[in-house]
Amino acid sequence: RSRHVYEVVGGSLSDEEAVMVYSLQAGIDGYLYGYFPPANPGVIYKITPGGSRTSVGNLDQTSCESPLAVAPTPNPDPDLWVGWNGCGVTGETEHKLFRIPQNEVAVLVKSVPGYIYGLDFDSSGNLYMTALDESYHYWLYQVNTSTGALTELVQIPGPTSFHGLVAGQGGNKYIGTSWNDATHNF
């Protein structure tokens, strides 16, 4: 979680925007996107390079720690994806995957098996997610962005950290865990 967004310019911090976000991602369009934590509704912001903030979507439900991913292709604005996690604060037990295309909000996956920890796109536009399954095992999934179908790719040895998924160049996926082992490359 962050309460303030700074830009690093020439070794110094530049005051960019005072906004509390769960997750902050850069789009290929040059803007930053952030998902605001528990508020009703949950606001998704677009932050310009000059520091001004505008709302680009609202979730009608509050959530707990939730990851955000920005699609790598703007049309003219990129689709945003939020892994929405219900928890004790929300009174919800379901976990959902929201797609926010062009200032609309749609639920693509209505029931993810467990808590969603990470979301990221690779350079080809494939969406990946780390989450729990029904048996409390951690998995790396590939998400079909048209149908919402989840494909298990590999089981992760231990809990993953929030926002600890990076889909890197060459098809590599990097997962940070909160277990006593290191970051894994799959």
Side-chain angles (χ1 to χ4, degrees), residues 1-2 5 7 16-17 19 21-37 41-61 63-85 94-113 115-131 139-154 160-176 185-186:
R1 295 180 194 157
S2 68
V5 177
E7 180 181 9
E16 192 72 12
E17 182 64 29
V19 60
V21 291
Y22 264 151
S23 184
L24 185 67
Q25 293 287 322
I28 64 169
D29 58 0
Y31 296 105
L32 296 176
Y33 295 88
Y35 172 59
F36 193 77
V43 180
I44 293 105
Y45 290 112
K46 176 174 157 177
I47 303 171
T48 68
S52 63
R53 172 183 63 190
T54 57
S55 171
V56 294
N58 293 9
L59 299 181
D60 64 354
Q61 300 167 307
S63 74
C64 288
E65 189 79 31
S66 298
L68 168 78
V70 180
T73 53
N75 297 316
D77 294 318
D79 287 349
L80 307 175
W81 296 75
V82 174
W84 185 92
N85 287 311
E94 288 189 335
H95 311 286
K96 304 171 189 173
L97 187 56
F98 285 92
R99 178 178 174 223
I100 299 96
Q102 311 283 326
N103 294 317
E104 299 173 20
V105 175
V107 178
L108 185 64
V109 182
K110 294 183 181 183
S111 185
V112 174
Y115 224 76
I116 303 167
Y117 287 87
L119 287 173
D120 200 16
F121 282 93
D122 66 14
S123 59
S124 299
N126 299 306
L127 180 61
Y128 297 92
M129 172 178 76
T130 52
W139 284 90
L140 172 64
Y141 294 94
Q142 184 168 357
V143 180
N144 182 311
T145 56
S146 298
T147 66
L150 303 178
T151 302
E152 292 176 342
L153 298 179
V154 65
T160 65
S161 56
F162 279 104
H163 318 292
L165 170 63
V166 175
Q169 297 295 323
N172 292 327
K173 281 67 140 183
Y174 300 91
I175 300 168
N185 175 14
F186 296 97

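Residue numbers count from 1 along this sequence. Computed from a predicted structure; not experimentally measured. Scope of the values below: all heavy atoms of this structure, side chains included, with no hydrogens, waters or symmetry mates.
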Hey, what do you get for [atom1] ([X]) to [atom2] ([Y]), rounding to the nearest 0.5 Å?
X	Y	atom1	atom2	answer
Ser55	Ile44	OG	CD1	7.5 Å
Leu127	Leu150	CG	CG	9.5 Å
His95	Tyr115	NE2	OH	7.5 Å
Leu68	Tyr33	CG	OH	10.0 Å
Thr151	Leu140	OG1	CG	10.5 Å
Tyr45	Thr54	OH	OG1	10.0 Å

Kindly give the heavy-atom pair with the smallest separation between [X] and [Y], and that separation in Å.
X	Y	answer
Pro72	Gly125	CG-CA, 3.7 Å
Lys96	Ile116	O-CD1, 3.4 Å
Ala131	Val112	CB-CG1, 4.2 Å
Leu119	Val82	CD1-C, 3.9 Å
Pro78	Ala71	CB-O, 3.5 Å
Asn172	Tyr174	ND2-OH, 3.4 Å

Between Tyr141 and Trp139, what is the ring plane arrangement, given parallel below 30°, perpendicular above 60°, and tilted in between?
->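 Rings of Tyr141 and Trp139: tilted, as their planes differ by 30° to 60°.
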By side chain to side chain contact (heavy atoms under 4.5 Å, CB included) - contacts of Ile28 (at least two apart) |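 If we apply the side chain to side chain contact (heavy atoms under 4.5 Å, CB included) test to Ile28, skipping adjacent residues, the hits are Pro74.
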List for me each residue that meets side chain to side chain contact (heavy atoms under 4.5 Å, CB included) alongside Asn126, sequence neighbours excluded, and say none if there are none.
->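 If we apply the side chain to side chain contact (heavy atoms under 4.5 Å, CB included) test to Asn126, skipping adjacent residues, the hits are Asp122, Ser124, Tyr128, Gln142.
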Verify side-chain contact (heavy atoms from CB on, under 4.5 Å) between Val56 and Ile100, making sure each step is shown before the conclusion.
-> CA-CA 8 Å; Val56 294; Ile100 299 96; 5.5 Å; no
Step through the shown structure and confirm whether more than 12 heavy atoms of other residues, nucleotides or ligands are within 6.0 Å of CZ on Phe121.
->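 Yes, the 6.0 Å shell around CZ holds more than 12 heavy atoms from other groups.
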So, does Asp120 use its side chain to make a donor-acceptor pair with the main chain of Ala167 at under 3.5 Å?
->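 Flag set: sc Asp120 to bb Ala167 pair under 3.5 Å.
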Go through Leu165 and Tyr117 one step at a time and tell me if the side-chain contact (heavy atoms from CB on, under 4.5 Å) criterion holds.
-> CA-CA 8 Å; Leu165 170 63; Tyr117 287 87; over 6 Å; no
